[in-house]
Amino acid sequence: GFGAPVEVTFCTQVHYSAQPLSPFVLLLPGEREDEQIVAEIMERRFFPDHIAYKTWEGFHFAGHEIRITEATDCYGAVVWPSALVLSYYLETHSKQCNLVDKNVIEIGAGTGLVSIVASLLGAFVTATDLPELLGNLQYNILQNTKHKCKHQPCVKELSWGIDLEKNFPRSSCHFDYIMAADVVYHHPFLDELLLTFDHLCKNDTVILWAMKFRLEKENRFVDRFQTLFDLEMISNFPSLNIALYKAMRKGRMKARPSKLKI
Ligand SMILES: C[S@@+](CC[C@H](N)C(=O)[O-])C[C@H]1O[C@@H](n2cnc3c(N)ncnc32)[C@H](O)[C@@H]1O
């Protein structure tokens, strides 16, 4: 085929605890067939009808045809199903999660689908990844957002845990949303990843994180993540082993009413 990352084995059994529901919720477990929504999500993807010079995959989101050029040599070079799940959520929940004029950062953006969809929905987006991924990421972002977005997205290096204060100073960087799709897998930078979430997340920042479960180690990352953040599952696709989470900093100060009634 054209290099689509089709995954056929799902090896882990994941047990999710009951979570409180919020306006962010996409589906209640058992309310609609998981497969039905998964099919809807996967239908957003299309492929070239002829052999092209460059390998690309197409997607329909936010009223646009998005073409993603893929390399085939590393993890960030294809579009992973978690990115589709998060993009679908953003598009179908644009009222509850209104991105217009919001400041969004995506970490581990890969080929850029989520950043592109968030930009098309009106956000000001900073798409980040390792230096070697930035050329292709920049290309996809430009091709799919130029003259189509309220705010032109930018692409920046962010290697997890490295030079965070230098490149993203706490005093001047404020993100309304941190987005991440499929950033937890068997890599040696899980500590640095957690550090990065911690560094970028302010009291009012919302983290939207699509997590693909593969191994026990990844479940442990979720436990560690919960020591710093309140985590809420907002949708769950057992047939893909993907869960979508919303998280906010633990122990954050709630907004105070402007006038106290005595
Ligand atoms: C499985 S891919 C997911 C890509 C994209 N979010 C998607 O869902 O299609 C993981 C991404 O994390 C990035 N990544 C891995 N280790 C990283 C690190 N130490 N610092 C920054 N990004 C990293 C990879 O380059 C890759 O783009």
Side-chain angles (χ1 to χ4, degrees), residues 74-77 80 82-83 86-87 90 97 99 101-119 123-142 145 151-212 217-232 244-253:
C74 54
Y75 267 111
W80 294 83
S82 300
L86 182 47
S87 298
L90 296 178
C97 174
L99 293 182
D101 298 331
K102 296 293 190 323
N103 223 0
V104 171
I105 186 164
E106 186 185 3
I107 59 172
T111 48
L113 180 65
V114 169
S115 285
I116 291 165
V117 173
S119 303
F124 179 78
V125 177
T126 305
T128 71
D129 209 302
L130 293 168
E132 57 270 30
L133 274 287
L134 299 186
N136 192 46
L137 177 60
Q138 177 77 67
Y139 175 82
N140 282 330
I141 289 208
L142 257 183
T145 61
H151 307 286
Q152 194 53 43
C154 63
V155 171
K156 209 169 155 176
E157 175 183 345
L158 195 169
S159 304
W160 300 329
I162 310 279
D163 288 338
L164 291 173
E165 186 53 32
K166 182 172 155 228
N167 297 331
F168 299 88
R170 282 185 211 260
S171 56
S172 55
C173 283
H174 177 275
F175 296 106
D176 300 297
Y177 290 92
I178 300 170
M179 298 194 186
D182 205 359
V183 290
V184 179
Y185 49 98
H186 57 280
H187 61 66
F189 303 107
L190 293 175
D191 290 346
E192 290 79 0
L193 176 62
L194 194 58
L195 202 70
T196 302
F197 277 120
D198 187 33
H199 181 86
L200 298 172
C201 188
K202 292 273 176 16
N203 272 347
D204 57 351
T205 303
V206 173
I207 298 173
L208 290 176
W209 167 31
M211 165 83 188
K212 164 102 179 157
K217 198 173 166 195
E218 289 142 14
N219 294 351
R220 288 205 300 274
F221 181 84
V222 177
D223 295 340
R224 291 181 55 208
F225 186 90
Q226 288 189 90
T227 61
L228 296 179
F229 304 102
D230 290 326
L231 191 64
E232 180 186 350
L244 181 59
Y245 292 111
K246 175 192 167 205
M248 289 189 83
R249 182 170 285 290
K250 249 187 194 333
R252 62 198 174 278
M253 300 281 281

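Numbers here simply count residues along the sequence, with the first being 1.
- Screening residues 183-200 for salt bridge (Lys or Arg N to Asp or Glu O under 4.0 Å), with sequence neighbours left out, gives Asp191-Arg224, Asp198-Arg249.
- With contacts defined as side-chain heavy-atom distances shorter than 4.5 Å, the pair Val206/Cys97 does not qualify.
- Between the OH atom of Tyr185 and the CG atom of Leu190 there is a distance of 9.5 Å, given to the nearest 0.5 Å.
- Atom CG of residue Leu231 and atom CH2 of residue Trp209 lie 6.0 Å apart, to the nearest 0.5 angstrom.
- Distance check, rounded to the nearest 0.5 Å: CG of Asp176 to CG of Asp101 gives 9.5 Å.
- We find the CD-OG1 distance between Glu106 and Thr126 to be 11.0 Å, quoted to the nearest 0.5 Å.
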Review point. How far apart are the C-alpha atoms of Trp80 and Lys212, what are their side-chain angles, what is the distance that settles it, and do they pass the side-chain contact (heavy atoms from CB on, under 4.5 Å) test?
Key: CA-CA 9 Å; Trp80 294 83; Lys212 164 102 179 157; over 6 Å; no
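- Closest approach of Lys250 to Thr227, counting heavy atoms only: CD-O, 3.5 Å.
- In this structure, His151 and Phe124 have perpendicular ring planes: the angle between them is above 60°, well past the 30° mark.
- Nearest heavy-atom pair, Ala109 versus Asp129, reported as atom, atom and distance to 0.1 Å: N-OD2, 3.1 Å.
- Residues Leu86 and Ala180 approach most closely at CD2-O, 3.8 Å, considering heavy atoms.
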Which donor-acceptor pairs under 3.5 Å do side chains of residues 152-160 form with protein atoms, sequence neighbours excluded?
{"residue": "Gln152", "atom": "NE2", "partner": "Thr145", "partner atom": "OG1", "Å": "2.9"}
{"residue": "Lys156", "atom": "NZ", "partner": "Asn167", "partner atom": "O", "Å": "2.9"}
{"residue": "Glu157", "atom": "OE2", "partner": "Ser159", "partner atom": "OG", "Å": "3.3"}

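- Considering only residues two or more places apart in sequence or on other chains, Leu195 meets the side chain to side chain contact (heavy atoms under 4.5 Å, CB included) condition with none of them.
- Checked against ring pair (Phe, Tyr, Trp, His ring centres under 6.0 Å), Phe229 has the following partners two or more places apart in sequence or in another chain: Phe225.
- Under the side chain to side chain contact (heavy atoms under 4.5 Å, CB included) criterion, Lys202 pairs with His174, Asp204, Thr205, not counting sequence neighbours.
- Taking every heavy atom of both residues into account, Val114 and Ala83 meet most closely at CG2-O, 3.6 Å.
- The CZ atom of Phe197 sits 5.5 Å away from atom CD1 of Ile207, with the distance rounded to the nearest 0.5 Å.
- Using a 4.5 Å cut-off on side-chain heavy atoms (C-beta onward), Cys173 and Leu200 make no contact.
- The side chain to side chain contact (heavy atoms under 4.5 Å, CB included) test with Thr196 is passed by exactly one of Ile105, Val183, Ile178, Leu164: Leu164.
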Practice item. Show the numbers, then the answer: is there a side-chain contact (heavy atoms from CB on, under 4.5 Å) between Leu99 and Met179? Key: CA-CA 12 Å; Leu99 293 182; Met179 298 194 186; 4.0 Å; yes
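- Residues Ile141 and Ser115 come closest through the heavy atom pair CD1-CB, 3.9 Å.
- The minimum heavy-atom distance linking Asn140 with Ile116 is given by the pair O-CD1, 3.6 Å.
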